[in-house]
K.L.:
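Below: one structure in structure tokens.
We number each residue from 1, following the sequence as shown.
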Amino acid sequence: MTGITAGLIAAFRLSVLAVSAQSAPAPVLEVSPAEGSTNAPLDVIVRGVPPGAQVTVTAVRIGETGDTWTASAVFTADRLGIVNSATAPSVGGTYRGVSPHGLYCSVLPKEGESPEKFVASFFAQPNQEMSIISPMTRSPITVRAAIDGKEIGSATIGRGFAIGTDGQEVSGPSGWRGLYYPPAAGTPIGEPVVVLTGSGGGVASSTAALLASNGHPALALAIYNYKDLPKALLNRPLEHIQEGTVWLARRSGTARAAVMGISRGSEAAQLAAAFFPEAFSGVIAEVPSHLIGGALGPGTSPGDPAWSVGGRPLQPFPAKIDLAKINEAIKTPPGYRGSSDLLPIWNDPAVEAANGIPYERIKVPFLVLAGGSDDIWPSNVSAEHIRRRMEALGESGHVEIHVYPDAGHGLVNVGRGNALSNLSYSLSLKGYMSIGGTPNGNCEASFDAFNDMLRFLNRLKQARP
């Protein structure tokens, strides 16, 4: 080979390399949708990176007090040079594996902190925040993608529970109280829903706001521990739920409204639908019990009735509480697991016959959403009891049941799912309670359950006479 020929070949190679470099697409970061309510997808796609490249994606969220929380994931680009957060497994960062909403749920308070370090630091000082307190209204999320520490794209999007709606204090002459969220402007008006919160009392404002953001007029109705209502869950009249539901239906221009109850609120939702069937178009029980539970709060004992109808208390199931066992279990994370202690009662036919919810009285469409790994109480077992009961009554066509295998009791909180989502810490008890589930399972179930709820409500609307 002559020097001239070798020089021409070298020049040709350089020319090809230059053309290839010029024709290689620049990396592109796509995040969609740009705006939406909290239950909207968070789809992150990176294109135009070298196949096999390690792409780090971070998502920074702002908490209620202005604090910043960061999620991160490390993805391997496929053979086409694409990363899709909905289908690609994360091999590093604040979550592992496939979790389409992982970049939303897994936020930690310190950027670059590992889940393991976050958990260890919390156990050393458990009075710090376990998870982000999300603002009700729109909050920015900044998404960045980088390779080897060099940023290749960024985008800022918005999410919130209350998008195009705002809570209004409402009340009735009988003493019921709540927050009404009108349907967001510009959304198709859906089935109205009364939302009942769980054992903490107060109002389920974020759930009601999120329903309204998706077009459903929603009333977050307080059962107790709100404003001038009693501090304890004791002999609370189911008539308040009936009257609040009638008010919401009239406000919405419909004949009836649906009722949705979370945890202890699921008892109230089911009981109200059983005793006042004319008021309700459907009932949703999230992480439910199929039994009637006892009182909670100051001045009560577990054998006291939580609920009443027509002035008559509804007898709760017999509670057997081993305080010594509980006090010992709460010392060590993940803490006390209520489900294991409740299983004998949950599966006792005599208890169900004496203290079960009267499913024979529920004649409207019925949706059950349960955690397969629920440690607060065995909501998945209750779901099975409900299925069997409705089947025995010849009403199996009225009930729809979803059990999310890797989710605990926390599936009721849309967007929950970081490394501490399987437990809670009580400052008053100075101890841990196990909620159950895995980070990815809790995260995805929270979105799946809410969207299953929306589909159920849309069917109720379509079935209106």
Side-chain angles (χ1 to χ4, degrees), residues 28-47 55-62 69-75 77-78 82-90 93-107 131-132 134-145 153-165 184 186-188 190 206-207 209-216 369 402 404 406-407 410-418 421 437-458:
V28 175
L29 171 67
E30 302 170 2
V31 186
S32 62
E35 299 293 331
S37 53
T38 297
N39 64 295
L42 179 57
D43 293 331
V44 178
I45 297 177
V46 183
R47 306 181 191 275
V55 181
T56 299
V57 179
T58 59
V60 180
R61 289 171 55 194
I62 309 298
W69 291 64
T70 304
S72 63
V74 180
F75 301 108
D78 66 16
I82 298 172
V83 164
N84 185 336
S85 67
T87 56
S90 171
T94 55
Y95 77 95
R96 306 289 194 278
V98 177
S99 182
H101 298 91
L103 285 166
Y104 186 90
C105 296
S106 68
V107 286
S131 60
I132 186 172
S134 301
M136 286 289 286
T137 55
R138 180 196 182 277
S139 179
I141 303 175
T142 302
V143 180
R144 295 186 176 90
S154 67
T156 299
I157 63 172
R159 294 289 186 274
F161 289 95
I163 303 297
T165 185
T187 60
S206 61
T207 300
L210 195 53
L211 285 165
S213 296
N214 285 270
H216 297 278
L369 308 167
H402 296 268
Y404 310 93
D406 296 324
L411 72 86
V412 302
N413 301 307
V414 178
R416 184 180 174 94
N418 73 9
S421 66
T438 65
N440 289 4
N442 290 328
C443 173
E444 297 307 327
S446 73
F447 286 92
D448 291 345
F450 188 82
N451 289 323
D452 287 337
M453 194 187 312
L454 291 180
R455 284 187 281 271
F456 176 79
L457 292 170
N458 287 336

K.L.:
Hey, are the side chains of Ser446 and Tyr404 touching, using non-hydrogen atoms and a 4.5 Å cut-off?
P.N.:
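Answer no - side chains too far apart.
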K.L.:
Got a second to check how far Leu103's CG is from Leu42's CG, nearest 0.5 Å?
P.N.:
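Here the interatomic distance stands at 6.0 Å.
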K.L.:
Return yes if some donor-acceptor pair links the side-chain N/O of Ser213 with the main-chain N/O of Ala209 below 3.5 Å, else return no.
P.N.:
yes
K.L.:
Using distance alone, with no hydrogens and no angle criterion, decide if Arg159 and Tyr104 have a side-chain donor and acceptor under 3.5 Å apart.
P.N.:
no
K.L.:
When you compare the side chain of Val414 with that of Phe447, does any pair of heavy atoms fall below 4.5 Å?
P.N.:
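Contact flag for Phe447/Val414 side chains = yes.
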K.L.:
Between Asp406 and Glu444, is there a side-chain heavy-atom distance shorter than 4.5 Å?
P.N.:
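No - every pair of side-chain heavy atoms lies 4.5 Å or more apart.
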K.L.:
Can you name the nearest heavy-atom pair linking Ser99 to Cys443, along with the distance?
P.N.:
OG-SG, 4.1 Å
K.L.:
Compare all side-chain heavy atoms of Val107 with those of Asn418 and state whether any distance is below 4.5 angstrom.
P.N.:
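Of all side-chain heavy-atom pairs linking Asn418 with Val107, none is under 4.5 Å.
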K.L.:
Report yes if the side chains of Arg61 and Ser134 come closer than 4.5 Å at any heavy-atom pair, otherwise no.
P.N.:
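Touching, per the 4.5 Å side-chain cut-off.
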K.L.:
Applying salt bridge (Lys or Arg N to Asp or Glu O under 4.0 Å), can you list everything that pairs with Arg144, at least two apart in sequence or on another chain?
P.N.:
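Salt bridge (Lys or Arg N to Asp or Glu O under 4.0 Å) list for Arg144, sorted by chain: Glu151.
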K.L.:
Hey, what do you get for CG (Leu454) to CG (Leu211), rounding to the nearest 0.5 Å?
P.N.:
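If I round to the nearest 0.5 Å, the distance is 6.5 Å.
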K.L.:
Output all residues satisfying side-chain contact (heavy atoms from CB on, under 4.5 Å) with Ala88, sequence neighbours left out; order by chain, then residue number.
P.N.:
Phe75
K.L.:
If you measure from CG on Asn442 to CZ on Arg416, what distance do you get to the nearest 0.5 Å?
P.N.:
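Answer for the CG-CZ pair, Asn442 versus Arg416, is 7.5 Å.
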K.L.:
Side chain of Thr142, backbone of Thr156: donor and acceptor closer than 3.5 Å?
P.N.:
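Not a single qualifying donor-acceptor pair exists.
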K.L.:
Checking Asn39 now: which residues fulfil side chain to side chain donor-acceptor pair (under 3.5 Å) with it, not counting sequence neighbours?
P.N.:
Ser37, Asn214, Asn451
K.L.:
Would you confirm whether Ser72, through its side chain, and Gly93, through its main-chain N or O, come within 3.5 Å as a donor-acceptor pair?
P.N.:
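No, because the side chain of Ser72 does not come within donor-acceptor range (under 3.5 Å) of the backbone of Gly93.
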K.L.:
Is the backbone N or O of Ser85 less than 3.5 Å from a side-chain atom of Asp43, with the two atoms forming a donor-acceptor pair by type?
P.N.:
no
K.L.:
Under a 4.5 Å cut-off applied to non-hydrogen side-chain atoms, are Ile45 and Ile82 in contact?
P.N.:
yes
K.L.:
Between Ile163 and Ala184, what is the shortest heavy-atom contact and its length?
P.N.:
O-CB, 3.2 Å
K.L.:
Any chance you could measure Thr165, atom OG1, to Leu210, atom CG, to the nearest 0.5 Å?
P.N.:
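CG of Leu210 is found 11.0 Å from OG1 of Thr165.
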K.L.:
What is the minimum heavy-atom distance between Val143 and Val57, and which atoms define it?
P.N.:
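Distance-wise, the nearest heavy atoms are CG1-CG1, 3.9 Å.
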K.L.:
Any non-hydrogen side-chain atom of Phe161 less than 4.5 Å from a side-chain atom of Ser206?
P.N.:
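In short, these two side chains touch, coming nearer than 4.5 Å.
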K.L.:
Starting at NE2 of His402, measure out to CZ of Phe456 and round the result to the nearest 0.5 Å.
P.N.:
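So the NE2 of His402 and the CZ of Phe456 are separated by 9.5 Å.
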K.L.:
Specify the closest pair of heavy atoms between Ala77 and Val83, including all atoms of both residues, with the distance to one decimal.
P.N.:
CA-CG2, 3.7 Å
K.L.:
I need the Arg455 CZ to Phe450 CZ distance, nearest 0.5 Å.
P.N.:
11.0 Å
K.L.:
Suppose we screen for side-chain contact (heavy atoms from CB on, under 4.5 Å). Which residues come up paired with Val412, at least two apart in sequence or across chains?
P.N.:
Ile262, Glu286, Val287
K.L.:
Any salt bridge linking Glu35 with Arg138? Criterion: basic side-chain nitrogen under 4.0 Å from a carboxylate oxygen.
P.N.:
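Result for this pair is yes, salt bridge flagged.
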K.L.:
Who are the salt bridge (Lys or Arg N to Asp or Glu O under 4.0 Å) partners of Asp448, not counting sequence neighbours?
P.N.:
none
K.L.:
How far apart are the closest heavy atoms of Pro100 and Ala86, and which atoms are they?
P.N.:
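Shortest heavy-atom contact: CG-O, 3.5 Å.
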K.L.:
Which residues pass the salt bridge (Lys or Arg N to Asp or Glu O under 4.0 Å) test with Arg47, not counting sequence neighbours?
P.N.:
Glu30
K.L.:
Write down the atom of Tyr95, the atom of Ser106, and the distance for their closest heavy-atom approach.
P.N.:
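What the structure gives for the nearest pair is CD2-OG, 3.5 Å.
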